[in-house]
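Reading through the structure tokens given below for one structure.
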Amino acid sequence: MSNFASTLIQWHGEHGRSGLPWQGQKDPYRVWLSEIMLQQTQVSTVKDRYIEFINRFPTVDDLANASADDVMALWAGLGYYTRARNLHTCAKIIVEKFAGKFPQQAEELCQLPGIGMSTAAAIASFCFGEKISILDANVKRLLARYYGVEQDIKKTTAHQDLWEKAQHIVPKQAVDMPIYTQALMDFGATVCTPKNPHCTSCVFQKKCIAFRENKVKDIPLRVKKATIKTVQSEMLFIVAKDHALFELRPAKGIWGGLWSFPESAWQDSPHQNIQPLQLSMDDFINLPKQLLKSSYAKARLLAPRKHVFTHRNLYFQIRILTIEQPLELPKDQFAWVKIDACEHLGLPTPIRQFIKDYLQI
Ligand code: SF4
């Protein structure tokens with residue numbers, strides 16, 4: 001076994017994380033689910049949501065047979081909704097094309113929707129003992145520091161270089177792969193952290209090039225992030241008795257595949273001094289303008305609410321329209337749902353929060 005692998009496995013025996021619900025799993029469905037959930041989401045958030053998901057869909061067949069609405073509703077709040085759509089599509093493929101059994105090789109796994117090479121490697125090494133390294137963001141950072149890789153690790157050449165290095169140090173015995181993979185994950189997440197890594201107590205201190213050359217702060221290279229834009233929109237909360245109107249958002253784009261309120265197009269805004277938008281029913285292209293024109297004019301406009309995305313701040317103002325009866329609208333795009341019973345819908349977090357606030361008024 002490489003020195004790196006044996007040192008890491010030894011470290012894990014004494015200091016690895018424990019108590020995470022997906023640890024020690026050999027079931028590829030569960031490993032896959034945890035890997036997808038952990039992409040761009042904190043462990044503390046994923047813990048409970050993972051258990052909820054497993055309780056609701058204990059097997060890949062259960063997930064494949066679920067409706068898209070049920071899957072999106074369960075995913076709501078975790079963000080990056082393409083993950084949920086891919087999860088659902090991928091489950092169907094595994095059931096239909098692979099008779100419910102996950103392929104065992106990373107090369108095959110990464111052909112499936114939403115499964116990148118690192119996730120494929122995690123499934124193949126944890127569940128099938130394939131001698132292949134993961135290379136998620138934590139592992140890339142650790143190896144970039146350990147080997148002193150000073151280029152931007154997002155660039156293809158540096159990425160390829162790290163893959164080769166990662167592959168070079170995997171244990172020789174397939175039987176060691178699950179523990180090694182878990183140790184890599186734990187070490188990147190708890191010791192070689194992005195800020196203030198624990199170098200003084202690190203088992204790799206003597207070999208780590210970044211530490212030896214006093215470059216830990218400079219590796220990985222920080223590339224300036226794009227500036228955050230501010231955008232504004234208006235949403236219509238159309239209420240008929242105790243029902244509200246929801247519109248299904250297109251599959252691609254922000255909150256894709258979730259139910260939300262009819263919304264105007266996003267407009268760029270100054271970062272400060274957000275002013276109410278001056279809109280009319282003409283800005284809600286999918287709704288019958290004539291039928292709603294007079295209600296719109298009389299509607300109550302609430303103060304803008306803010307929602308923060310990774311690269312954008314959205315200020316959305318909600319206009320509450322009250323009408324006598326639900327309107328007839330295409331059922332594949334719109335739904336009238338009882339306001340206090342819309343929990344089953346996949347709703348974006350700020351819409352869910354607004355409804356909670358509304359019901360408490
Ligand atoms: S010495 Fe510091 S930078 Fe190097 S591997 Fe250890 S924690 Fe990471």
Side-chain angles (χ1 to χ4, degrees), residues 1-20 22-24 34-35 38-47 106 116-122 124-126 130-173 176-225:
M1 197 184 304
S2 72
N3 268 342
F4 181 92
S6 60
T7 307
L8 191 64
I9 290 175
Q10 202 180 346
W11 168 85
H12 186 259
E14 293 161 30
H15 305 287
R17 291 179 294 185
S18 59
L20 300 176
W22 49 84
Q23 276 177 329
S34 66
E35 285 298 306
L38 286 164
Q39 289 165 5
Q40 285 120 348
T41 312
Q42 304 266 341
V43 170
S44 52
T45 308
V46 171
K47 262 167 128 178
M117 197 54 195
S118 188
T119 302
S125 62
F126 274 132
E130 184 176 348
K131 292 202 299 168
I132 185 159
S133 179
I134 55 164
L135 194 65
D136 63 10
N138 284 343
V139 179
K140 275 171 97 171
R141 180 177 61 249
L142 161 63
L143 296 186
R145 287 172 175 164
Y146 182 82
Y147 286 109
V149 176
E150 295 186 38
Q151 298 121 286
D152 176 2
I153 57 173
K154 291 203 175 86
K155 291 238 162 89
T156 319
T157 46
H159 183 77
Q160 193 53 39
D161 179 34
L162 288 173
W163 265 120
E164 283 163 21
K165 289 180 162 60
Q167 205 44 35
H168 186 67
I169 51 176
V170 295
K172 297 230 172 345
Q173 307 292 330
D176 293 321
M177 280 312 294
I179 196 70
Y180 173 74
T181 305
Q182 187 61 57
L184 261 184
M185 287 178 174
D186 292 359
F187 195 88
T190 62
V191 180
C192 198
T193 46
K195 284 184 194 154
N196 307 320
H198 303 222
C199 300
T200 45
S201 57
C202 175
V203 289
F204 295 121
Q205 203 190 75
K206 286 201 178 105
K207 294 230 168 124
C208 172
I209 294 179
F211 183 78
R212 282 181 6 207
E213 297 183 1
N214 199 18
K215 289 181 178 164
V216 174
K217 281 206 177 102
D218 307 323
I219 299 178
L221 185 71
R222 277 177 191 75
V223 183
K224 224 177 152 198
K225 283 195 182 153

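Given the structure is predicted, the values throughout are model-derived calculations rather than measurements. Every number for a ligand or one of its atoms is a count from 1 in the order of the listing.
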- Query: Looking just at side-chain N and O atoms, do Gln205 and Thr200 make a donor-acceptor pair shorter than 3.5 Å?
  - Reply: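 Side chains of Gln205 and Thr200: no pair found under 3.5 Å.
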- Query: Closest non-hydrogen protein atom to atom 2 (Fe) of ligand 1, residue and atom name please, with distance?
  - Reply: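 Its nearest protein heavy-atom neighbour is Cys199 SG, 2.4 Å.
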- Heavy-atom count around Glu14 CD within 6.0 Å, excluding the residue itself: above 12?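 More than 12 within 6.0 Å, yes.
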- Message: Which residue in the set Met117, Lys165, His159, Gln167 passes side-chain contact (heavy atoms from CB on, under 4.5 Å) when paired with Leu135?
- Response: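 The residue from Met117, Lys165, His159, Gln167 that satisfies side-chain contact (heavy atoms from CB on, under 4.5 Å) with Leu135 turns out to be His159.
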- Query: So which bit of Leu142 gets within less than 4.0 Å of ligand 1, heavy atoms only: side chain, backbone, both or neither?
  - Reply: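 Answer for Leu142: side chain.
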- Mode of Ala210 contact toward ligand 1 - side chain, backbone, both, neither (heavy atoms, under 4.0 Å):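 Contact part for Ala210 vs ligand 1: neither.
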- Would you confirm whether the ring centroid of Phe204 sits within less than 6.0 angstrom of the ring centroid of Phe187?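 Close enough - the centres of the two rings lie under 6.0 Å apart.
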Could you list the atoms of ligand 1 found under 4.0 angstrom from a heavy atom of [X]?
X: Cys202; value: 1 (S), 5 (S), 6 (Fe), 7 (S)
X: Phe211; value: 1 (S)
X: Arg145; value: 3 (S)

- Query: Got a donor-acceptor contact below 3.5 angstrom from the Thr193 side chain to the Thr190 backbone?
  - Reply: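 Checked: no pair found.
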- Do any N/O/S atoms of Cys192 come under 2.8 Å of atom 8 (Fe) of ligand 1?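 Given the 2.8 Å cut-off, Cys192 counts as a ligand of atom 8 (Fe) of ligand 1.
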- Do any of the N/O/S atoms of Cys208, backbone or side chain, fall under 2.8 Å from atom 2 (Fe) of ligand 1?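 Checking Cys208: none of its N, O or S atoms is under 2.8 Å.
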- What's the shortest heavy-atom distance between Ser133 and Leu184, and which atoms?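 Minimum heavy-atom contact is OG-CD1, 3.9 Å.
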